[in-house]
Number of protein chains: 2
Amino acid sequence: MAISFTEENYLKVIHRLSEATSEDISTNAVAELMQTKAASVTDMLRKLAEKGWVNYQKYQGVRLSVEGEKIALSIVRKHRLWEVFLVDKMGFNWDEVHEIAEQLEHIESDQLINKLDEYLGFPKTDPHGDPIPNKEGILPELAYSHLSDIKATKTCKLMGVAQDSAVFLQLLTKLNLSLGAKLDIQEINEFDRSIFVSINDASPIFISHEVAKNILVKILA
Amino acid sequence: MAISFTEENYLKVIHRLSEATSEDISTNAVAELMQTKAASVTDMLRKLAEKGWVNYQKYQGVRLSVEGEKIALSIVRKHRLWEVFLVDKMGFNWDEVHEIAEQLEHIESDQLINKLDEYLGFPKTDPHGDPIPNKEGILPELAYSHLSDIKATKTCKLMGVAQDSAVFLQLLTKLNLSLGAKLDIQEINEFDRSIFVSINDASPIFISHEVAKNILVKILA
DNA sequence: AATAATTTTTAGATTAACCTAAAAAATAAA
DNA sequence: TTTATTTTTTAGGTTAATCTAAAAATTATT
Ligand SMILES: [Mn+2]
Ligand SMILES: [Mn+2]
Ligand SMILES: [Mn+2]
Ligand SMILES: [Mn+2]
């Protein structure tokens with residue numbers, strides 16, 4: 001069945017919200033991420049339900065159907081593969097690729113995306129550490145911790161970020177933080193929960209709790 | 001000023017028609033290429049004129065303005081660079097790339113297209129031999145001849161095709177005809193204007209006038 | 001349990017891009 | 001130079017996606 005860019009974006013947003021919770025997704029939550037009004041969302045949810053891509057009963061919130069989930073994952077796959085292409089092959093920085101990928105994710109050609117996947121060497125994660133669903137739409141669970149949840153004196157490795165915004169990513173770059181960076185947590189300040197941390201064995205610096213919340217790490221020791 | 005995919009496609013079509021003639025372009029000609037109705041074209045021409053991208057007076061036909069020409073050329077540039085990408089990097093055949101490029105040509109990012117250009121080694125022509133406008137929108141005039149216009153006994157080189165359709169390109173592939181092929185014209189039959197020609201020094205075969213009309217060549221001897 | 005606040009849906013419009021059918025203008029033929 | 005044919009435009013509608021304002025349902029608070 002034919003699908004529009006707008007419908008694809010709705011499915012993607014519902015998918016994103018569903019990852020954070022097992023509850024039904026509210027009209028307002030969708031409206032906020034779609035940057036539109038609740039009334040418009042209601043219209044669209046009815047249409048998506050009609051097409052069988054979501055389960056929706058008015059006033060009860062919305063969930064993706066199996067079919068809807070499949071579509072959403074294929075868009076996520078395209079978005080993240082294109083992000084890898086933009087960084088690895090085109091030489092963009094990780095804070096420059098999200099907006100372009102928002103456009104490229106709607107290009108329709110299974111052949112193209114599978115060839116692209118191969119060309120990129122079947123990457124498992126995108127430039128922000130987010131997992132890339134495979135051809136069958138299976139998303140490897142990576143299960144990383146937020147840096148804000150780690151105790152002092154631990155050593156960990158930066159595996160991803162919980163946010164794609166350019167301002168945030170540019171700040172990380174300024175802090176010399178990129179995928180794979182080694183983090184030695186020296187101390188966590190009780191007052192503002194800021195973290196005193198050594199990055200790649202350099203002299204330690206302070207990182208705010210707000211930033212730490214959006215950094216995903218794997219504990220090494 | 002914001003531009004829609006549809007508006008971009010109209011400008012591209014008007015540009016294509018303008019290449020073949022110095023006359024004003026008719027509503028019907030645009031309708032045919034856009035696969036839409038004349039009434040819809042009239043609506044759109046008024047809108048494009050409003051935005052300053054075409055010069056249009058009712059019943060008088062349409063021409064691109066300087067600004068419109070610039071936009072059209074930037075879309076042609078994107079289309080052809082993406083086609084090179086699809087063939088050279090993704091491993092598609094020349095008859096598989098046009099439809100995908102129709103989608104990719106609307107991706108908006110000057111940075112991306114210039115990086116892509118560099119990545120591809122600043123190609124001068126696309127996989128069909130069509131010239132690629134440079135960053136400034138300058139389209140190198142290539143001035144090739146149609147194979148159907150060449151006299152017997154001449155030798156020439158296949159430089160491009162006058163049509164992107166998959167059926168046509170697949171036929172050329174079957175005939176072992178691709179960009180750069182050497183053509184020795186043995187004889188032209190008066191009856192049906194078919195051409196008896198040797199391709200890359202193989203034993204000569206017959207090529208219909210219809211096919212020859214869509215093959216662009218450079219005369220070598 | 002009644003009332004207040006919040007969330008969600010409906011009602012009614014708007015805009016872009018398209019359509020069909022009819023009218024008007026331009027071009028060709030008699 | 002009338003008349004016929006073709007081309008183009010106008011008139012009036014449709015569909016997708018959006019909006020604002022008002023009504024209805026749900027949830028939270030006395
Ligand atoms: Mn992204
Ligand atoms: Mn990403
Ligand atoms: Mn093409
Ligand atoms: Mn081409």
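For the numbers below, each heavy atom of this structure counts, side chains included, while hydrogens, waters and symmetry mates do not. Quantities reported herein were computed from a predicted structural model and do not represent experimental measurements.
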Item to check | Exam field: side chain B:Asn134 to backbone B:Glu136, donor-acceptor pair closer than 3.5 Å | outcome: yes
Checklist entry - A:Leu48 has an atom CG; how far is it from atom P of D:dT18, in whole Å? => result 11 Å
Next on the checklist: Checking the side chain of A:Asn93 only, and the main-chain atoms of A:Asp95 only, is there a donor and an acceptor separated by less than 3.5 Å?
Outcome noted: no
Checklist outcome for this item: Per-nt protein contacts along nucleotides 7-14 of chain C (heavy atom under 4.0 Å; B base, S backbone sugar-phosphate only, - none) come out as SBBB----
Item to check | N/O donor-acceptor pair under 3.5 Å between B:Lys115 side chain and A:Lys89 backbone | outcome: no
Checklist outcome for this item: Residue pairs passing the ring-ring contact (aromatic ring centres under 6.0 Å, His included) test with at least one member in residues 102-135 of chain A, sequence neighbours excluded, are A:Phe5-A:His106
Checklist entry - Sub-3.5 Å donor-acceptor pair from the side chain of A:Glu83 to the main-chain atoms of A:Ala101, do we have one? => result no
Checklist entry - B:Tyr10 side chain N/O closer than 4.0 Å to the phosphate oxygens (OP1, OP2) of C:dC18? => result yes
Checklist entry - Can any side-chain N or O of A:Ser65 pair as donor or acceptor with the backbone N or O of A:Gly52 at less than 3.5 Å? => result yes
Next on the checklist: Once you apply a heavy-atom cut-off of 4.0 Å, does B:Phe5 come out as touching a base, just sugar-phosphate, or nothing?
Outcome noted: nothing
Checklist entry - In whole Å, what is the span from the CD1 atom of B:Ile3 to the C1' atom of C:dT15? => result 17 Å
Checklist entry - D:dT27 P sits how many Å from A:Asp24 CG, rounded? => result 11 Å
Item to check | Short side-chain N/O contact from B:Lys37 to OP1 or OP2 of C:dT20, under 4.0 Å | outcome: yes
